[in-house]
Structures are given as structure tokens and as C-alpha cells.
Amino acid sequence: MTAVDIRRIHPLNRREEQDGPVVYWMSRDQRAVDNWALLHAQQLALERRAPLGVLFVLAPSFLGATLRQYGFLLRGLAETAQRLAKMNIPLFLLRGEPAGQLCSFVAQNRVGTVVTDFDPLRVKRVWREEAARSCGVPFFEVDSHNIVPCRFVSDKPEYGAHTLRPKLRRLLADFLTEFPPLIPHPHVWPAPFQPLDPQGILSDLHLDRSASELSYPLPGTRAAGERLRSFIAQGLEEYGLRRNDPCCDGQSGLSPWLHFGQLAPQRVALETVRTLSSSPSSEAFLDELIVRRELSDNFCHHNRAYDRLEGFPAWALKTLGEHRHDRREYLYTQEQFEHAGTHDPLWNAAQRSLLLDGKMHGYLRMYWAKKILEWSASPEEALAVAIRLNDRYSLDGRDPNGYAGIAWSMGGVHDRAWGERPVFGKIRYMNDRGCRRKFAVDAYIRRWGG
DNA sequence: ATCGGCTCGCGCAA
DNA sequence: TGCGCGAAGCCGAT
């Protein structure tokens with residue numbers, strides 16, 4: 001019997017089965033619990049009576065990640081290593097070019113099989129394909145991030161949430177199941193290994209230190225679980241009412257842990273359904289958690305240009321092109337945006353929340369991105385600025401959610417055309433009057449020191 | 001306060 | 001081929 005649904009598993013090569021330890025190359029899903037890729041690796045190791053190890057390769061630079069994000073990653077990973085050690089599973093942390101490091105590790109330790117997790121970002125795809133080609137052992141990818149596996153739910157770029165939603169719904173009963181436990185691994189890894197020292201690694205890395213570490217949220221699976229419990233106990237019932245008000249803490253706040261895979265989306269969904277199975281609030285939350293998040297993976301997986309203008313739909317490219325030379329009422333450089341130096345106190349407040357808190361409220365993210373489009377010299381420049389700022393300061397930067405959200409705001413991705421106006425063309429417009437109708441804009445500005 | 005128009009294209013019914 | 005409708009809206013008329 002295999003613990004993991006076969007539809008979650010994607011072979012990345014066709015190598016023959018071999019003896020030797022099984023390695024889980026951990027990348028996106030940095031947790032010891034509720035992790036289908038790790039569970040599948042353990043299953044293979046048990047069948048072969050082989051040791052099981054986890055490998056994490058820290059790339060020297062990753063899409064402009066800063067100390068803020070490396071700190072969250074490494075401190076969370078140290079907790080994951082402790083949890084794994086209790087199960088007789090070592091976690092090895094290597095540094096360097098990931099595919100090369102993995103292949104050396106496989107050769108040195110006579111590894112027989114590699115399992116890895118799923119990530120639709122281009123750089124991860126390149127690493128995975130390179131490793132699967134050159135390591136000389138069977139190589140499996142297990143989608144441990146999506147509740148319904150991304151490759152299985154749809155084989156094309158979905159037009160919008162409304163086309164993906166019914167496909168997810170049909171399959172949810174199959175996939176939204178309880179996780180089996182990881183068990184203490186009976187076959188001990190032959191060589192000694194060292195505990196992970198996040199502070200030492202952080203001091204040693206050549207990092208962009210301009211975005212500092214934050215005192216909150218705390219990294220790691222334990223802190224994620226505490227936030228999940230408090231959100232379900234205190235925030236879920238009111239979620240439908242409060243989620244679009246940036247002045248109150250109405251969103252779940254789970255995205256940093258979800259992004260680093262320290263918390264499984266499937267765990268969040270299971271606990272939500274268990275607590276509040278059908279209400280407008282839980283429906284709205286599950287739609288955000290499942291449909292929109294998995295739509296972002298679908299977008300990045302099927303659209304190689306997810307972070308470039310060419311990734312926008314044809315009607316959006318056409319209309320943005322027609323308004324390329326429209327006069328901009330305000331025009332800012334990346335530095336002005338970065339330092340929250342625009343004329344608009346609401347925009348500046350949103351940017352300051354990103355700088356100081358490492359996050360921005362979901363509703364304001366749309367306004368923030370659309371104004372960057374409105375006040376930049378070109379759509380290309382606007383897209384690059386928004387992605388850079390999000391990737392650099394947000395704890396959930398470099399996530400498919402971020403790329404899809406910005407492409408929605410600036411490029412009509414998963415959206416429709418609306419009334420034509422300067423600069424935007426037919427891209428949906430937003431202004432601060434709309435915000436004022438919805439929440440206490442001035443209170444929000446005061447809170448962020450406007 | 002509420003309503004319709006703006007505008008594109010998918011997916012389904014016919 | 002026609003029709004309903006969509007990830008968060010805006011605007012002007014009533």
C-alpha cells in the first residue's frame with residue numbers, strides 16, 4: 001500500500017530502480033509534518049529497507065532574496081531539522097548551485113532514489129530538470145504544496161478562478177484527506193551529521209541586508225500552528241466581514257509560513273473544514289486558500305512569462321500598448337517608490353507596511369500595484385518595480401501568488417476588460433475613492449505614520 | 001443607496 | 001451561434 005495518491009507523483013526521468021538510501025530534496029515544502037513528498041520518500045525507503053535523508057541546498061542568491069527572508073527560511077529549517085532528527089532522519093544543508101550539489105551528494109552517499117517537491121517557478125524547474133537529467137538515479141516530484149496537484153487538476157493555463165474552481169471542487173473530496181504520520185525511521189543513516197546553525201550561516205552568507213529580519217512573525221512550524229489555531233478560534237467566523245478592511249487584522253496572516261512551506265495549505269483547509277464546515281466566512285476563506293492560491297500555481301506553471309509583460313493576455317497587451325505614450329500625471333523612479341516617496345499618503349502607507357512589517361494587506365496590494373502602473377514610465381518598468389519591491393521586502397515574496405497578483409493588477413490576468421482610460425487602457429482601474437468607500441483610509445494612513 | 005454600462009472571451013447549451 | 005458571467009471597480013444617473 002502506498003500512502004501517497006499516485007496522481008500527486010510525477011516521475012522526472014525514467015531511470016531504473018537502484019539500491020541505496022532515499023533522499024528527499026526539500027525545496028518549497030520546508031516542513032517535517034504534513035508533507036506528501038517526505039511521506040512518499042519514507043514509503044520508498046521502507047519498501048527498500050533503506051535509510052532516509054533530507055537534503056536542502058541553499059543557493060548563493062535567489063531572486064533577490066534578502067536577510068529578512070533567508071532568516072525566516074533558515075530559522076524555520078532549523079526547527080524542521082530538529083523534528084526530523086527525532087524521527088532518525090538527518091537534514092543535510094549544502095550551499096552552492098543546487099543541481100550540482102545534489103548530484104555530488106547522490107554520488108558520495110550512493111543514493112538510490114531522489115524525491116523532490118513541486119514548484120512552478122522557472123528557476124526551480126531548471127534545477128529540477130538539470131538534476132533529474134544528470135544525477136543518474138530515479139527522480140520523482142511530489143506536489144506537496146497544492147491540495148489538488150497542479151499538474152493533475154488542469155493541463156492548460158486557466159482563464160480565471162471561475163474555470164479552475166469547478167475542476168478543483170470535483171477533485172477536492174479525493175485529495176483533501178488527513179495526512180498519515182511520519183514514523184521514526186527504522187534504517188539509520190550510515191554517516192554522522194551536524195545540527196543546523198542558522199545564525200552561523202546567516203553571518204557567513206553574502207546577503208542583501210537592506211531588509212532586516214522581523215521580530216514578528218516567528219519562523220517555523222510551531223509558530224505557524226499557533227497562528228493557525230488563533231485564527232481559527234478568533235478570526236475565522238468574522239473573516240467574511242473583516243477580510244477586506246486593512247485597518248483590522250481580519251486576514252489569516254498565514255502567508256509567510258505557507259510560502260516557505262513551514263505550514264501545509266492542506267492542514268489549514270482540514271482545520272477550517274473541521275471547525276466551520278459551511279458558512280460564508282469559511283467559504284470565502286477556503287476560496288482564497290485553495291482556488292486563488294492554486295490558480296497562481298497554474299498561472300506560473302503554464303505561463304513561462306509569468307513575471308514579464310508577454311505573460312499578459314493579448315487584449316491586455318494591446319490596450320496597454322495603445323496607451324503606452326499617454327501622459328502620466330505623476331512619474332516616479334524605483335527609488336521613490338521604494339522609499340514611500342509619492343504624493344499619495346495611502347500608497348505611501350501601504351509601501352511602509354511592506355517595508356516595516358514584511359507584508360501588505362491583500363486588498364491594498366491591488367491598489368498598490370495599479371498605482372505603480374499608473375505612475376511609471378512604461379508597463380515594463382512598472383512590472384519590474386512591483387516585482388522587485390514585493391520580492392525584496394515581503395516575507396511571501398518570490399511566490400506564485402505575488403506574480404499572479406501583480407499580473408492581475410497590471411495585466412488583466414484572470415480578469416476582464418473594463419472601461420477605457422488613460423495609461424490603464426481597459427485594465428481595471430482603482431482609486432482612493434473606492435478605498436474610502438470600503439475602509440477608514442485616514443486611520444490606516446495614521447497607523448503607518450503618514 | 002442602487003443600478004446599468006463599460007468590455008473580453010471561456011464554456012456550455014442549443 | 002448565442003448567452004451568462006466572471007478575483008475585489010468606476011462613474012454618472014436616478
Side-chain angles (χ1 to χ4, degrees), chain A residues 153-170 238-248 250-252 255 265 280-300 302-303 306 311-323 326 329 344 346-347 350 359-374 386 390 396 399-441 444:
Chain A
V153 71
S154 169
D155 57 4
K156 61 170 194 181
E158 290 295 327
Y159 186 73
H162 63 109
T163 60
L164 183 61
R165 191 175 288 114
K167 298 180 182 182
L168 287 169
R169 256 180 224 273
R170 272 198 295 277
E238 297 294 306
Y239 179 81
L241 287 174
R242 298 172 29 144
R243 65 174 168 148
N244 276 340
D245 184 353
C247 293
C248 66
Q251 297 197 306
S252 76
S255 72
S281 275
S282 63
E283 299 285 323
F285 180 62
L286 290 170
D287 208 61
E288 297 276 350
L289 177 76
I290 303 175
V291 178
R292 296 189 194 168
R293 209 179 37 74
E294 305 204 355
L295 181 62
S296 300
D297 262 36
N298 171 276
F299 171 62
C300 291
H302 288 100
N303 189 334
Y306 56 76
F312 296 172
W315 67 266
L317 284 174
K318 178 165 178 285
T319 193
L320 285 172
E322 286 165 0
H323 291 271
D326 289 0
E329 196 172 350
D344 175 6
L346 176 57
W347 194 94
K359 69 175 183 188
M360 192 185 301
H361 190 279
Y363 185 79
L364 276 173
R365 286 186 195 217
M366 300 184 289
Y367 177 79
W368 174 87
K370 284 177 182 290
K371 292 299 152 185
I372 296 176
L373 174 65
E374 189 175 355
N390 187 56
D396 64 4
D399 191 281
N401 282 317
Y403 300 116
I406 292 169
W408 179 87
S409 302
M410 295 187 175
V413 168
H414 305 145
D415 201 14
R416 44 173 284 202
W418 295 84
E420 193 163 8
R421 39 188 316 135
V423 186
F424 285 82
K426 294 169 182 171
I427 303 296
R428 183 197 297 254
Y429 178 72
M430 283 175 81
N431 62 10
D432 68 327
R433 285 176 56 197
C435 294
R436 284 180 190 280
R437 278 196 294 272
K438 290 187 177 60
F439 66 93
V441 166
Y444 181 82

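Since the structure is predicted, the reported quantities are computational estimates derived from the model, not experimental observations.
- Between A:Arg365 and A:Asp396 there is a salt bridge, since a side-chain N of the basic residue sits under 4.0 Å from a carboxylate O of the acidic one.
- Within the nucleic acid shown, A:Asn431 comes within 4.0 Å of sugar-phosphate atoms alone, with no base atom in reach, counting heavy atoms only.
- Nucleic acid contact class of A:Arg437 (heavy atoms, under 4.0 Å, all strands): sugar-phosphate only.
- Here the straight-line distance linking atom CG of A:Leu164 with atom OH of A:Tyr159 works out to 14.5 Å at 0.5 Å rounding.
- A:His162 places its NE2 atom 8 Å from the P atom of B:dG11, with the value rounded to the nearest Å.
- The C1' atoms of C:dA8 and B:dG11 are separated by 23 Å, rounded to the nearest whole Å.
- Taking atom C1' on both nucleotides, B:dT2 is separated from C:dA7 by 23 Å, rounded to a whole Å.
- Between A:Ile427 atom CD1 and B:dT7 atom P the separation is 14 Å, expressed in whole Å.
- Taking only side-chain nitrogens and oxygens, A:Lys438 never comes nearer than 4.0 Å to OP1 or OP2 of C:dA8.
- Contact annotation for A:Lys318: no contact, since no heavy-atom pair falls under 4.0 Å across all strands.
- Within the 4.0 angstrom heavy-atom criterion, base atoms lie near A:His414.
- The side chain of A:Lys370 places no N or O atom within less than 4.0 Å of a non-bridging phosphate oxygen (OP1 or OP2) of C:dC10.
- Rounded to an integer number of Å, the gap from A:Arg416 CZ to C:dC10 C1' is 12 Å.
- With salt bridges taken as basic N to acidic carboxylate O contacts below 4.0 Å, none links A:Glu374 and A:Lys370.
- As judged by a 4.0 angstrom heavy-atom cut-off over every strand, A:Asn244 is placed among the base-contacting residues.
- Ring orientation note: the planes of A:Tyr403 and A:Tyr306 are tilted relative to one another, at an angle of 30° to 60°.
- Base pairing in DNA chain C yields stems of at least 3 consecutive Watson-Crick or G-U pairs, both distances under 3.5 Å, namely B:1-6 with C:9-14, B:8-13 with C:1-6.
- For A:Arg436, the CZ atom counts as densely surrounded, since its 6.0 Å shell holds more than 12 non-hydrogen atoms of other residues, nucleotides or ligands.
- Taking atom CZ on A:Arg421 and atom C1' on B:dG5, their separation rounds to 15 Å, with Å as the unit.
- The interatomic distance linking A:Glu420 (CD) with B:dC8 (C1') rounds to 13 Å, in whole Å.
- Remark: C1' of B:dC8 and CZ of A:Phe312 are 17 Å apart, rounded to the nearest angstrom.
- Note that CG of A:Asp287 and CZ of A:Arg292 are 5.5 Å apart. Values are rounded to the nearest 0.5 Å.
- Between C:dC5 and B:dG4, the distance separating the two C1' atoms is 16 Å to the nearest Å.
- Within 4.0 Å of A:Arg365, counting heavy atoms only, lies no atom of the nucleic acid at all.
- With hydrogens and angles ignored, the 3.5 Å screen pairs no side-chain donor or acceptor of A:His414 with any backbone N or O of A:His162.
- Distances shown here put a side-chain N or O of A:Arg433 below 4.0 Å from the OP1 or OP2 atom of C:dC11.
- Here B:dC8 presents its C1' atom at 7 Å from CH2 of A:Trp315, a figure rounded to the nearest Å.
- Nearest heavy atoms, A:Ala316 versus A:Ile427: CB-CD1, 3.8 Å.
- Comparing B:dG11, C:dA7, C:dC10 by their nearest atom to the side chain of A:Met430 picks out C:dC10.
- Regarding A:Phe424, its CZ atom lies at a distance of 15 Å from the C1' atom of C:dC11, rounded to whole Å.
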